[in-house]
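Please read these numbers as outputs of a predicted model, since none were measured by experiment. Values below: every heavy atom of this structure, side chains too, minus hydrogens, waters and symmetry copies. All residue numbers refer to positions in the sequence shown, counting from 1.
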Amino acid sequence: MTSTLDSDLAIEQNEWQLRVELAAVYRLVAHFKMTDLVFSHISQRLPGSTSRFLINPYGLMFDEITASNLVVVGDDGEAVESSEYRVNPAGFVIHSAIHSARPDAHSVLHTHSRYGCAVAAQQSGLLPVNQTSMEFYGRLAYHDYEGVALDDSEKSRLVADLGTRNALVLRNHGLLTVGSSARRAFLRMFYLERACEMQILAQSTGQPLVIPDADVCERTAAQLNNEKSALTADDRDNSDNWDLAWNALQRMVDRLYPDYRK
C-alpha cells in the first residue's frame with residue numbers, strides 16, 4: 001500500500017520534473033529568438049491541481065529562467081509561495097483563463113514573436129502556403145484584439161474563441177499554443193512561428209501564392225497531427241516524431257544552457 005508520505009514525495013518529484021521541462025522550454029524560446037524582453041509567458045499546471053500553475057518570474061529574461069526560480073501562482077494571480085518576484089498580470093489573465101477552461105491544456109505558451117505578430121496583423125491570418133502551415137489547417141483559432149490583457153472579463157471570450165483547438169492567433173498581438181505538456185506546446189509554437197515566417201517571406205516576393213486543394217491541406221494536417229482515424233493503410237508510421245524532436249532539443253539545451261536545471 002502506498003503511504004501518504006510516498007504520495008507526497010511522488011508529487012514533489014513530479015513537480016520538479018515539470019519545473020525542469022518548463023525551464024528548458026523557456027531557454028528554447030530564447031534560443032530561437034521568440035522572446036519580447038521580460039514580457040510574454042509560458043505556464044505549466046501543477047499535478048493534482050486545477051488552480052495552481054508555474055509561470056515565469058516577472059522581470060527575468062527567458063535565458064535567466066531556471067527550474068527553481070519559476071513561480072507558483074494561485075487563483076488570485078499571486079505567488080503561492082514566498083518569492084522575490086511578482087507575476088505579469090496580463091500573463092495571469094490569459095493563462096488562468098485557459099487552464100481553468102481546458103483540463104487538457106496542462107501547458108500554455110504565449111509569444112510576441114516577429115513573424116507571428118506580422119501574420120496576426122493580416123486579415124487573412126495564416127495561409128496554407130507550405131507544408132509547415134498545413135499542420136494548423138482547420139485547427140487554428142483567432143481572437144480579436146481588446147487591448148492589453150488586464151481585464152478579467154476578456155477571459156470568457158478568449159476561451160470561447162480558442163474552443164477545443166490547440167493553437168490561437170491573438171490578432172494584432174501574437175500567438176498562443178497549448179499542450180498536454182510544455183514540450184508539446186513548444187513544438188506547436190516552433191512550427192506555428194516557422195509557418196508565419198515562411199508566409200511573410202513568400203508574400204515578400206510579390207509573386208502569386210500557390211495554395212493546394214482543401215482536401216490535400218486536410219490530409220496533410222491529419223498526417224502532421226498523427227490523427228490515426230484520418231490516415232490510410234498506406235501511410236507509414238511516424239507517430240514518434242514529436243518525441244524524437246523533443247529529445248534532440250533537450251540534448252541541445254543540456255549542452256548549451258545546462259544551468260536551466262538549477
Side-chain angles (χ1 to χ4, degrees), residues 22 25-26 29-30 32-45 50-62 65 70-79 83 85-102 105-127 136 139-179 182 185-186 188-189 192-193 195-197 199-200 203:
L22 184 57
V25 167
Y26 273 101
V29 171
F32 289 106
K33 303 185 186 306
M34 293 188 284
T35 57
D36 180 14
L37 297 180
V38 302
F39 307 102
S40 77
H41 7 82
I42 315 166
S43 61
Q44 170 67 54
R45 180 185 286 123
T50 58
S51 60
R52 297 193 311 144
F53 53 88
L54 296 166
I55 203 165
N56 49 314
Y58 195 19
L60 293 188
M61 302 287 275
F62 279 21
I65 301 298
L70 289 160
V71 179
V72 181
V73 180
D75 281 335
D76 57 0
E78 299 297 328
S83 174
Y85 303 101
R86 64 189 185 94
V87 175
N88 184 333
F92 173 73
V93 168
I94 293 171
H95 291 251
S96 63
I98 296 172
H99 282 302
S100 296
R102 288 278 302 272
H106 292 291
S107 186
V108 181
L109 199 166
H110 170 47
T111 62
H112 302 155
S113 51
R114 289 177 295 174
Y115 295 103
C117 285
V119 169
Q122 296 186 1
Q123 188 174 27
S124 58
L126 186 66
L127 301 171
F136 305 97
R139 292 153 178 81
L140 185 61
Y142 293 84
H143 176 66
D144 288 340
Y145 188 64
E146 300 186 23
V148 179
L150 299 173
D151 186 348
D152 283 339
S153 70
E154 187 178 352
K155 289 182 177 183
S156 60
R157 295 182 292 277
L158 178 69
V159 298
D161 287 336
L162 177 62
T164 60
R165 296 178 178 178
N166 294 318
L168 176 72
V169 171
L170 297 156
R171 293 192 184 276
N172 311 107
H173 183 175
L175 305 177
L176 184 146
T177 58
V178 305
F186 171 78
R188 282 198 176 102
M189 181 60 73
L192 182 55
E193 172 66 9
C196 291
E197 179 180 6
Q199 177 171 319
I200 296 300
Q203 290 171 326

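- Of the possible donor and acceptor atoms, none in the side chain of Gln44 sits under 3.5 Å from a partner among the backbone N and O of Leu54.
- A pairwise comparison of heavy atoms in Ala149 and Glu154 identifies CA-OE1, 3.9 Å as the closest pair.
- Pairing each heavy atom of Tyr142 with each of Leu126, the nearest pair is OH-N, 3.0 Å.
- When each of Leu158, Thr177, Val108 is tested with Leu168 by the rule side chain to side chain contact (heavy atoms under 4.5 Å, CB included), just one qualifies, namely Leu158.
- The residue from Phe39, Phe32, Phe186, Tyr26 that alone fulfils the ring pair (Phe, Tyr, Trp, His ring centres under 6.0 Å) condition with Phe62 is Tyr26.
- For the atom pair Ile42 CD1 and Asn56 CG, the distance stands at 7.0 Å (nearest 0.5 Å).
- Put simply, CG on Leu22 and CG on Leu109 are 8.5 Å apart, with the number rounded to the nearest 0.5 Å.
- Just one of His95, His106, His110 meets the side-chain hydrogen bond (donor to acceptor under 3.5 Å, both in side chains) condition when paired with Ser43; it is His95.
- Gln203 CD to Leu127 CG: the interatomic distance, rounded to the nearest 0.5 Å, is 6.0 Å.
- Rounding to the nearest 0.5 Å gives a distance of 9.0 Å between CG of Leu150 and CD1 of Ile94.
- Smallest separation of non-hydrogen atoms from Arg171 and Gln122: NH1-O, 3.5 Å.
- Residues Ala120 and His173 approach most closely at CB-N, 4.2 Å, considering heavy atoms.
- Considering all non-hydrogen atoms of both residues, Val178 and Ala185 come closest at C-CB, 4.0 Å.
- To the nearest 0.5 Å, the span separating CG on Leu192 from CD on Glu197 amounts to 12.0 Å.
- Between Asp161 and Asp144, the shortest heavy-atom distance links the atoms OD2-N, 4.4 Å.
- Remark: side-chain polar atoms of Arg102 are paired, donor with acceptor, to backbone N or O of Gly163 under 3.5 angstrom.
- Distance alone, capped at 3.5 Å, is enough to place a donor-acceptor pair between the Arg45 side chain and the His99 backbone.
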